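I have placed the structure first, in the form of structure tokens, so that the comments after it can refer back to it.
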Amino acid sequence: MRYSAPRGTQDILPRESPRWQYVEGKFRDICRLFGYNELRTPTFEETDLFTRSVGEHTDIVSKEMYTFQDRGERSMTLRAEGTAPIVRAYVQHKLHGEQPVNKFYYITGVFRYERPQAGRYREHHQVGIEAFGSQDPAMDAEVIALGSQFLATLGVGGCELKINSVGCPECAPQYKDALRQDVKPYLNELCETCQVRYDTNPLRMLDCKAPGCKEFTVNIPSIVDHLCQDCGDHLKAVLRYLDDLGISYILDPRLVRGLDYYTKTAFEFQSADLGAQSTVIGGGRYDGLVTQMGGPPTPAVGFGCGIERMLLIMEAQGIEPPINVHPSVFVITLGEATRELGIKLLADLRKAGIAAETDYSGKSMKSQMKAADREQAKFVVIIGEDELNQGLVKVRNMGTKEENDVPICEAVEKIAEALS
RNA sequence: GCGGGAGUAGCUCAGCUGGUUAGAGCGCCAGGUUGUGGCCCUGGAGGCCGUGGGUUCAAGUCCCAUUUCUCGCCCCA
């Protein structure tokens, strides 16, 4: 085999694509219900857009981006993440000027140079939403509720919602200092990456899985107790709304997100059916990002959801989307002379909005019947020499095995009738 | 980037300790009616045994490398 899809990428074959369409369709439906409109952005952006928003010291930026130089010697990067391009478009087109609150959704490929494994690819696909212009905790709750309803609509069960607050530029630095203070005596005993994190991103020490590190951070004061008044109130309000909406959650003070732009609310929906990659939906609030990109102060909140992971969960839970649009009618022709009439009838059926198929490989009657059966045709139209001479076609109901001779000019009409 | 497992027909897999022309089930194609599907029967097509080296009289089988998939770490959707 000379060529195959690049490592970590995949072809979505016709037998799989109905599942994708189903998931994406449900997502579009829900977005419409919640008032989110689609915003499509380019597949690649200036590299700087991602490094500055996601954060230089994050894994995504430091080792996972697909970056290349274009012929104008500009550094470009394939979409490494869903939010930054949306924010860029929001600021570039001054959408904040159109209305106070803007709500968008996207369905798109995301590219990260990672070691592939179950639920993790170099090109994966996300559906996601972003809501701009409101700092109301009810907006956080709406975003989470949309995710929750998306899962429910797909019939996906058993997902846990974990939620936390990562604070704001007021209180987060203070907590980071307190964290450093607490860890400092054990610094030499932490794992290598945590020693780097100590300086660059101390919050990440909280969710380190290395057994040694866990030990030292287990007694560390919770960020929830270090939030400023505003952030604390915000978190409480979000949780209260979730209670009101009947959305159960686990408050997890150790939940940390790997992108720098998050403020206040951070959340994930996790599933036990995913193995090591347990997060299917991840998101949070990013009140400072629009300003950072040169827009007016605009609070915002959103999430991203991995389509491949959603499909994995659905498969594990035995959820089969309703699929299969089989031709309703299969046209069988017997012999050269009947072919022209058959092709014409096939076209007429299709023009009348009736799904129709025929055989293009010159098979026998029996084989054509088998093909019709395999395609689950409801009716078969048989055109042989005899019929042709009499100006008739034979219409066979595949369910009842009834056969009727019908004048050619009435065939489409009769079939349409029978199908309705 | 690090560690474990795997790669044989379109699909799911079998090939024991190295030994003739590499097998099964499903699927596909054809026949069993002269112009009629599902079930059944018969036959057929289809494999550089992931790729490249090595050991050997002899390699699908043993060794090395490589690549892809897979599981875990890391991180994330």
Side-chain angles (χ1 to χ4, degrees), chain A residues 1-10 13 15 54 57-64 79-83 106-128 147 191-194 196-197 201 204 207-211 213 255-259 267-271 274-283 302-313 330 332-335 338 361-388 394-403:
Chain A
M1 198 106 43
R2 180 63 186 83
Y3 294 112
S4 57
R7 182 165 160 80
T9 69
Q10 55 189 332
L13 301 177
R15 61 169 169 267
V54 176
H57 298 291
T58 59
D59 282 34
I60 292 180
V61 169
S62 62
K63 55 184 191 189
E64 294 177 356
R79 186 188 295 101
E81 189 263 332
T83 301
Y106 58 84
I107 300 176
T108 187
V110 176
F111 306 85
R112 289 181 204 160
Y113 192 89
E114 303 197 71
R115 176 95 179 246
Q117 68 187 67
R120 203 179 67 187
Y121 311 90
R122 289 188 173 173
E123 179 186 19
H124 76 278
H125 300 79
Q126 291 188 18
V127 302
C191 73
E192 275 178 43
T193 43
C194 275
V196 177
R197 285 168 175 159
N201 190 358
R204 290 228 65 94
D207 66 347
C208 183
K209 276 90 181 175
C213 299
L255 179 70
V256 177
R257 312 239 61 229
L259 293 80
F267 68 91
E268 292 184 2
F269 283 90
Q270 303 180 347
S271 169
L274 279 176
Q277 271 62 42
S278 57
T279 301
V280 61
I281 293 177
F303 73 66
C305 168
I307 299 179
E308 284 87 349
R309 290 187 185 174
M310 189 67 84
L311 291 168
L312 283 173
I313 299 173
F330 196 98
I332 291 179
T333 59
L334 299 165
T338 64
S361 52
K363 290 181 179 175
S364 68
M365 171 83 176
K366 182 171 176 168
S367 291
Q368 292 188 65
M369 284 297 291
K370 281 189 177 178
D373 188 55
R374 186 168 43 227
E375 311 252 346
Q376 296 178 28
K378 294 186 177 71
F379 289 92
V380 162
V381 176
I382 301 164
I383 310 173
E385 307 279 346
D386 300 346
E387 288 83 359
L388 187 64
K394 193 159 283 198
V395 177
R396 177 182 176 89
N397 182 321
M398 291 296 273
T400 64
K401 299 187 175 185
E402 262 181 278
E403 283 185 4

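The structure presented is a predicted model; accordingly, all values stated were derived computationally and were not measured. In the text below, chain A, chain B and the rest are named by the order of the sequence lines, each starting its count at 1. Values below: all heavy atoms of this structure, side chains included; hydrogens, waters and symmetry mates excluded.
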**Q.** Donor-acceptor contact below 3.5 Å, side chain A:Arg79 vs main chain A:Gly109
**A.** yes
Q. Are the side chain of A:Arg309 and the backbone N or O of A:Gly119 linked by a donor-acceptor pair below 3.5 Å?
A. yes
Q: Could you note down all residue pairs passing salt bridge (Lys or Arg N to Asp or Glu O under 4.0 Å) where residues 117-126 of chain A supplies at least one of them, sequence neighbours left out?
A: A:Glu114-A:Arg120
Q. Reckon A:Arg115 has a side-chain N or O less than 4.0 Å from the OP1 or OP2 of B:rC74?
A. no
Q: Do nucleotides 25-34 of chain B as a string where each nucleotide becomes B, S or -: B if the base has a protein heavy atom under 4.0 Å, S if just the sugar-phosphate does, - if no protein is that close.
A: ---SSSSB--
Under 3.5 Å donor-acceptor pair, [X] side-chain atoms to [N] base atoms:
X	N	result
A:Arg309	B:rC76	yes
A:Gln368	B:rU36	no
A:Arg396	B:rU36	yes
A:Gln376	B:rG38	no

Q: Using a heavy-atom cut-off of under 4.0 Å over every strand shown, decide if A:Glu308 touches base, sugar-phosphate, or nothing.
A: nothing
Q. Rounded to whole angstrom units, what separation is found between the OH atom of A:Tyr121 and the C1' atom of B:rC76?
A. 13 Å
Q: For A:His124 and B:rA77, give me the distance from atom NE2 to atom P, rounded to whole Å.
A: 7 Å
Q. Looking at B:rA77, B:rU36, B:rC74, which one has an atom nearest to any side-chain atom of A:Lys63?
A. B:rC74
Q: Check every atom of B:rU36, B:rC69, B:rG37 against the side chain of A:Glu403 and return the nucleotide holding the closest atom.
A: B:rU36
Q: Go through the structure and list residues passing side chain to side chain contact (heavy atoms under 4.5 Å, CB included) with A:Arg257, not counting sequence neighbours.
A: A:Tyr262, A:Ala266, A:Glu268
